Amino acid sequence: MFENNIKECREDLGLTQTELGYVLGVHYSTVSGWEIGRDTMPLSKLVLFANMYNLSLDYIVGLARGNKEYKEKIKLNKKNIGKRLKSIRKELKLTQKEMAESCDIAQNTYSNYENGVFLIKILPLYTFCKNHNISMDLIIR
């Protein structure tokens, strides 16, 4: 599980769990689960949250401290994200198998992410970024 700043961001914005849940289209108990680490915020909801309040993905998930604002809007595009994953993997001189192992997922799952067949899930993405000191904002945007 990753560290997260969802609660801190929500409180900084002056929102209750109910209000944030309404904005994101989920029940307040879902927001509570994200904040305490019982559940993981889906990437689509994380991006919606970041876009609505101009927040850095890296800040929200705890990959970076400091500047939490990010003005550029995120457009989730699984093909473009896959291309960035592949490019970064090659820069790191890793095979798909090595990358998959470092993200604790099956090689064919990683291959599907890299080839843009599926949108990468938040936990493998977080693990990828954490293990290789890569910005989630860089990969997703």
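Quantities reported herein were computed from a predicted structural model and do not represent experimental measurements.
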(Q) Rounded at 0.5 Å granularity, tell me how far NZ in Lys121 sits from CG in Leu125. (A) 12.0 Å
Q. Between the main-chain N or O of Ile74 and the side-chain N or O of Asn51, is there a donor-acceptor pair closer than 3.5 Å?
A. yes
Going by atom type alone, with no hydrogens or angles, which donor-acceptor pairs under 3.5 Å involve a side-chain atom of residues 91-100 and a protein atom two or more places apart or on another chain?
from	atom 1	to	atom 2	distance (Å)
Thr95	OG1	Lys97	N	3.4
Thr95	OG1	Glu98	N	3.0
Thr95	OG1	Glu98	OE1	3.4
Gln96	OE1	Ser111	OG	3.4
Gln96	NE2	Glu114	OE2	2.8
Glu98	OE1	Thr95	N	2.8

Q: Would you mind reporting whether Asn5 and Val61 have side-chain heavy atoms less than 4.5 Å apart?
A: no
Q) Looking only at heavy atoms, what is the nearest atom pair of Leu63 and Cys129, with distance? A) CD1-CB, 3.6 Å
Q.
Would you compute the distance between atom CZ of Phe49 and atom CG of Leu20 and round it to the nearest 0.5 angstrom?
A. 5.0 Å
Q | Pairwise distance CG(Leu57) to CD1(Ile140) - rounded to 0.5 angstrom | A | 6.5 Å
Q: May I ask you to decide if Leu123's main-chain N or O and Thr127's side chain share a donor-acceptor pair within less than 3.5 Å?
A: yes
Q. Going by distance alone, is a donor N or O of one side chain under 3.5 Å from an acceptor N or O of the other, for Asn54 and Lys73?
A. yes
(Q) In the structure I gave you, are the side-chain heavy atoms of Tyr59 and Cys9 within less than 4.5 Å of one another anywhere? (A) yes
Q: For Ile6 and Met41, run side-chain contact (heavy atoms from CB on, under 4.5 Å): C-alpha distance rounded to whole Å, both residues' side-chain angles, the deciding distance at 0.1 Å, then the answer.
A: CA-CA 9 Å; Ile6 298 167; Met41 182 185 264; 4.0 Å; yes
Q.
Working to the nearest 0.5 angstrom, can you tell me the gap between Tyr126 OH and Ile120 CD1?
A. 14.0 Å
Q) Looking at CG of Leu76 and CG of Leu119, how far apart are the two atoms once the value is rounded to the nearest 0.5 Å? A) 5.5 Å
Q: Check whether Val31 and Ile36 end up in the same hydrophobic cluster, where Ile, Leu, Val, Met, Phe, Trp and Tyr are linked by side-chain heavy atoms less than 4.5 Å apart.
A: no
**Q.** Tyr113/Ile81 under side-chain contact (heavy atoms from CB on, under 4.5 Å): CA gap, chis, key distance, verdict
**A.** CA-CA 8 Å; Tyr113 294 153; Ile81 293 168; over 6 Å; no
Q.
For the backbone of Phe118 and the side chain of Lys78, can you confirm whether one donor and one acceptor N or O come within less than 3.5 Å of each other?
A. no
**Q.** Side-chain touch Trp34/Ser29, heavy atoms, less than 4.5 angstrom
**A.** no
Q: Check whether Ile139 and Val117 end up in the same hydrophobic cluster, where Ile, Leu, Val, Met, Phe, Trp and Tyr are linked by side-chain heavy atoms less than 4.5 Å apart.
A: yes
Q. Who passes side-chain contact (heavy atoms from CB on, under 4.5 Å) against Leu48, sequence neighbours left out?
A. Leu24, Met52
Q) Are the side chain of Asn77 and the backbone N or O of Lys79 linked by a donor-acceptor pair below 3.5 Å? A) yes
**Q.** Within residues 131-141 or reaching into it, pairs that qualify as side-chain hydrogen bond (donor to acceptor under 3.5 Å, both in side chains) - sequence neighbours excluded
**A.** Ser56-Asp137, Asp58-Ser135, Ser102-His132, Asp137-Arg141
(Q) Between Leu46 and Met136, is there a side-chain heavy-atom distance shorter than 4.5 Å? (A) yes
Q. Can you tell me how far OH of Tyr22 sits from OG1 of Thr18, rounded to the nearest 0.5 angstrom?
A. 12.5 Å
Q) Of the non-hydrogen atoms in Leu138 and Arg84, which two are nearest, and what is the gap between them? A) O-CD, 3.3 Å
Q: Show your working on side-chain contact (heavy atoms from CB on, under 4.5 Å) between Leu85 and Phe128 and close with a plain yes or no.
A: CA-CA 9 Å; Leu85 289 170; Phe128 176 95; 3.9 Å; yes
